[in-house]
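Because the structure is a prediction, the values reported are computed rather than measured.
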Amino acid sequence: MRFRDRHHAGVLLGAEVADFHPSDPFVYALPRGGVPVAYEVARALDCPLDVLVVRKVGVPFQPELAMGAIAEGGVVVRNEDVLRLARIDEETFASVVSRERRELESRVKAYRSVASPLSPVGHTAIVVDDGLATGSTARAAIRVLGEKGAAAVWVAVPVAPREGMEDLERMASRFVVLARPRSFGAVGVWYKNFAQTSDEEVRALLGESRLA
């Protein structure tokens, strides 16, 4: 299955999530690419949309490979397997975390100018991204929302690898995925249009969702 773009993926994913009838849901997008997908999921569920800013902590010599993730609230998630295989020491890890923290804080400030945070207390918090590769950012999001009092935390994505998601599936109250190819490659392979989502688009979709 290949999706035309993120909005198309979101329409399909929204229909799938709605079939599970989540109780009192809030949708939390992982920006930037997860926001157009989550926008359509929130529309399908007729529920509020928010963002949860999470930054991948990439291996310095291979930034696309996540050795961990950070999120709002000071959460740091480590991928011990990657750290060991890439031989990353604590000083290097801390340095990358510090750099990503500055970017995360900048994003939070930009997005919160149009949408104040929604408290997940007592709600089914549905984490949405445009796809998962290692799952590090989704793991961070589950921890954040759980610590903030969500009644349940679901993860919903259009595409994820068939292998390597076992611990994430255990962490999430429900894991909804449209496609789980055996040969995964990268998230962008499964989209015909995978153009980068801009901060301006994120703000526009957030603002529109709050006016709906």
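- In this structure, Arg101 and Leu104 have side chains that are in contact, with non-hydrogen atoms separated by less than 4.5 Å.
- The side-chain hydrogen bond (donor to acceptor under 3.5 Å, both in side chains) analysis of residues 149-163, with sequence neighbours excluded, yields no pairs.
- No side-chain heavy atom of Val153 sits under 4.5 Å from any side-chain heavy atom of Arg143.
- Between the side chain of Asn193 and the main chain of Ala195, a donor-acceptor pair closer than 3.5 Å is present.
- Judged by a 6.0 Å distance limit and a 45° cone about the ring axis, Arg2 is not positioned over the six-membered ring of Tyr191.
- Ala115 pairs by the side-chain contact (heavy atoms from CB on, under 4.5 Å) definition with Leu206, Arg210, not counting sequence neighbours.
- Side-chain atoms of Ser136 do not come within 3.5 Å of backbone N or O of Ala69 as any donor-acceptor pair.
- No hydrogens or angles considered: a donor-acceptor pair under 3.5 Å links the side chains of Tyr111 and Asp199.
- Electrostatic pairing of Arg43 and Asp46 does not count as a salt bridge here, judged by no charged N lying under 4.0 Å from a carboxylate O.
- A salt bridge between Glu200 and Arg32 is absent, with no side-chain N of the basic residue lying under 4.0 Å from a carboxylate O of the acidic one.
- The hydrophobic cluster containing Leu205 also contains Phe3, counting ILVMFWY residues as joined when their side-chain heavy atoms lie under 4.5 angstrom apart, directly or transitively.
- Taken together through direct or relayed side-chain contacts under 4.5 Å among Ile, Leu, Val, Met, Phe, Trp and Tyr, Val177 and Val155 form part of one hydrophobic cluster.
- The side-chain heavy atoms of Lys109 and Glu105, taken from C-beta on, include no pair separated by under 4.5 Å.
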Enumerate, atom names and distances included, each donor-acceptor pair closer than 3.5 Å involving a side-chain atom of residues 17-29, sequence neighbours excluded.
from, atom 1, to, atom 2, distance (Å)
Asp24, OD1, His123, ND1, 3.4
Asp24, OD2, His123, ND1, 3.3
Tyr28, OH, Leu118, O, 2.8

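- Closest approach of Arg203 to Val114, counting heavy atoms only: O-CG2, 3.8 Å.
- Of all heavy-atom pairs between Val187 and Gly131, the closest is CG2-C, 3.8 Å.
- A salt bridge is absent between Glu103 and Arg99: the closest approach of a Lys/Arg side-chain nitrogen to an acidic carboxylate oxygen does not fall below 4.0 angstrom.
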